[in-house]
Number of protein chains: 2
Amino acid sequence: MARRQRWPDSTKRALVDVAERLFTEHGYSATSLDAIVAGADVTKGALYHHFSGKQAIFEAAFERVESRATAGIARATEGHRDPWLKAQAGLRAFLGAVQEPGYRQIVISDGPSVLGHERYREREERSTYAIVDEIVRSALGGGDWDLDDAMLDTFTRIFFGAMSAAGGAVAVSEDPAAAALRVEAAIGFVLAGLQRLLEEGVGSPDPGATSRT
Amino acid sequence: MARRQRWPDSTKRALVDVAERLFTEHGYSATSLDAIVAGADVTKGALYHHFSGKQAIFEAAFERVESRATAGIARATEGHRDPWLKAQAGLRAFLGAVQEPGYRQIVISDGPSVLGHERYREREERSTYAIVDEIVRSALGGGDWDLDDAMLDTFTRIFFGAMSAAGGAVAVSEDPAAAALRVEAAIGFVLAGLQRLLEEGVGSPDPGATSRT
DNA sequence: TTCTGTACATACCGACGGTACGTACCTTCA
DNA sequence: TGAAGGTACGTACCGTCGGTATGTACAGAA
């Protein structure tokens with residue numbers, strides 16, 4: 001019955017295509033394997049031949065969606081020499097990527113709980129997070145502060161979390177363009193504050209220095 | 001068999017007790033209603049008498065965990081007059097609350113996907129988020145910047161996202177105390193930058209002002 | 001005493017994730 | 001060339017789980 005005989009790659013691609021669409025539209029738990037295989041016009045035997053289970057095909061869709069976003073952001077940031085301009089370009093690209101429904105649902109919403117925070121961190125560590133980390137390091141690491149790795153990592157986490165939350169707010173906003181501009185302005189202002197402190201040679205933010213009085 | 005006859009409040013409490021524990025330990029989808037009712041020594045009839053379904057009992061556990069955290073943070077922030085000190089106290093309390101396993105699993109991890117981002121936002125809007133919002137407004141709204149509501153809301157989202165991400169990083173860190181200090185230092189530095197800009201009377205971050213060149 | 005509402009227990013259904021097994025087709029090699 | 005083995009599925013089935021329908025013991029009102 002299935003006319004997709006003897007060409008396995010197209011079957012696998014079709015499954016991931018349908019899975020990405022359904023996971024995006026209805027979320028992970030509300031998407032049944034029966035619906036996926038029906039959409040791809042195959043049976044569960046085919047799915048379980050190519051994937052070890054529901055989580056595995058979700059991961060395939062996850063990877064595809066995220067690599068698209070990562071590539072877009074990387075493309076936007078390359079070519080900038082000034083780290084602050086690079087940060088701004090990266091932020092803008094991130095805010096654009098996060099408005100894609102697939103990214104919001106699969107990566108941000110279902111990703112952590114389905115893959116587990118462990119595997120999720122591992123994946124993010126090598127993609128979007130890595131870009132943010134690179135930008136943060138080039139912007140803050142170059143100064144005369146002696147920020148160690150742990151401290152730079154903390155800054156990256158903070159900025160990544162801020163951007164993710166901001167992206168979500170932008171995505172659900174009734175006027176995403178205006179919301180994106182506000183986010184750019186706010187983060188730009190935060191960056192300007194840091195830049196000012198850098199220029200003025202304020203002491204590095206050591207643990208304890210700003211935690212008391 | 002169930003000796004908890006004719007005392008409905010204790011049954012309901014026992015159900016939420018067990019549900020909170022199991023949801024915390026195994027997550028939402030990996031926790032079955034059978035396990036909950038078995039732990040509370042009742043049957044599904046009792047559960048469905050008190051709650052409309054799995055999502056409802058999850059919400060009960062969610063509310064309890066979150067109200068605990070909110071109360072703790074509110075207790076830590078009250079009594080501070082200086083908004084920047086208040087922000088620091090609130091941040092410290094938040095970083096403490098977020099290390100509780102129940103908060104991490106139920107509120108942060110499962111909350112959004114189970115309740116739906118809609119209901120999740122509504123709940124957060126009136127609890128933890130409200131505290132952050134109040135702090136942000138008292139710290140940034142009082143200056144000579146003329147930040148409108150939308151802009152203040154953007155700042156709140158950004159800080160809330162940053163603190164959530166930082167909290168997660170603190171919680172999974174091998175040395176949570178040191179990680180919390182780093183987060184305090186980093187956010188404190190960001191706040192110091194903003195404070196400096198405020199003092200120097202830099203123009204308000206209007207959309208577009210910092211987004212070009 | 002009868003009636004009504006509460007607070008459960010019991011039995012059962014349908015959906016879903018996963019597994020076991022069968023099979024058509026292709027490639028390989030004696 | 002044909003037997004053997006592997007690939008790429010299809011089919012049938014099972015266990016679990018969320019949810020429902022129904023029964024029932026008991027307490028208080030009338």
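Convention: sequence-line order gives letters A, B, ...; per-chain numbering from 1. What you see is a predicted model, and the numbers here were worked out from it, not measured in a lab.
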>> Just to verify, what does Arg75(A) make a side chain to side chain contact (heavy atoms under 4.5 Å, CB included) with, not counting sequence neighbours?
In response: Ala71(A), Glu78(A)

> Under 4.0 angstrom, heavy atoms only, what part of the nucleic acid is Thr43(A) near: base, sugar-phosphate, or nothing?
Replying inline: base

>> Please report the distance, rounded to the nearest Å, between CZ in Phe51(B) and P in dG18(D).
In response: 15 Å

>> Please enumerate all residues that pass side chain to side chain donor-acceptor pair (under 3.5 Å) together with Asp133(B), with sequence neighbours excluded.
In response: Arg137(B), Thr156(B)

> Does Arg121(A) have any side chain to side chain contact (heavy atoms under 4.5 Å, CB included) partners at least two apart in sequence or in another chain, and if so, which?
Replying inline: Glu125(A), Arg157(A)

> Rounded to the nearest Å, what distance is computed from the CG atom of residue Asp34(A) to the P atom of nucleotide dC13(D)?
Replying inline: 16 Å

>> Donor-acceptor pair, distance only, cut-off 3.5 Å: does the side chain of Gln99(A) make one with the backbone of Leu95(A)?
In response: yes

> In residues 21-30 of chain A, which residues come under 4.0 Å of DNA chain C by heavy atom?
Replying inline: none

>> Between Arg68(B) and Glu20(B) (salt bridge meaning N to carboxylate O under 4.0 Å), is one present in this structure?
In response: yes

>> Between the base of dG18(C) and the side chain of Lys44(A), is one N or O donor paired with an acceptor at under 3.5 angstrom?
In response: yes

>> Does dC8(C) have its OP1 or OP2 closer than 4.0 Å to a side-chain nitrogen or oxygen of Thr11(B)?
In response: yes

>> What is the distance, to the nearest angstrom, from the CG atom on Leu47(A) to the P atom on dG17(C)?
In response: 10 Å

>> Please enumerate all residues that pass side chain to side chain contact (heavy atoms under 4.5 Å, CB included) together with Ala93(A), with sequence neighbours excluded.
In response: Ile73(A), Ala76(A)

> Closest approach of Leu115(B) and Tyr120(B), non-hydrogen atoms and distance?
Replying inline: CB-N, 4.3 Å

> Looking only at heavy atoms, what is the nearest atom pair of Leu152(A) and Val136(A), with distance?
Replying inline: O-CG1, 4.1 Å

> dA9(C), dG10(D), dT20(D): which one has an atom nearest the side-chain heavy atoms of Tyr48(B)?
Replying inline: dT20(D)

> Which of these nucleotides, dC9(D), dC8(C), dG19(D), is closest to any side-chain atom of His50(B)?
Replying inline: dC8(C)

>> Output the rounded distance in Å from CG (Leu15(A)) to C1' (dC9(D)).
In response: 11 Å

> Of Thr31(A) and Gly45(A), whose nearest nucleotide on DNA chain C comes first from the 5' end?
Replying inline: Thr31(A)

> Among residues 52-60 of chain B, which contact DNA chain D at a heavy-atom distance under 4.0 Å?
Replying inline: Gly53(B), Lys54(B)

>> The side chain of His49(A) is closest to which nucleotide in this list: dG17(C), dG19(D), dA8(D)?
In response: dA8(D)

> Is the cationic atom of Lys54(B) (NZ for Lys, CZ for Arg) positioned less than 6.0 Å from the six-membered ring centroid of Tyr48(B) and within 45 degrees of its normal?
Replying inline: no

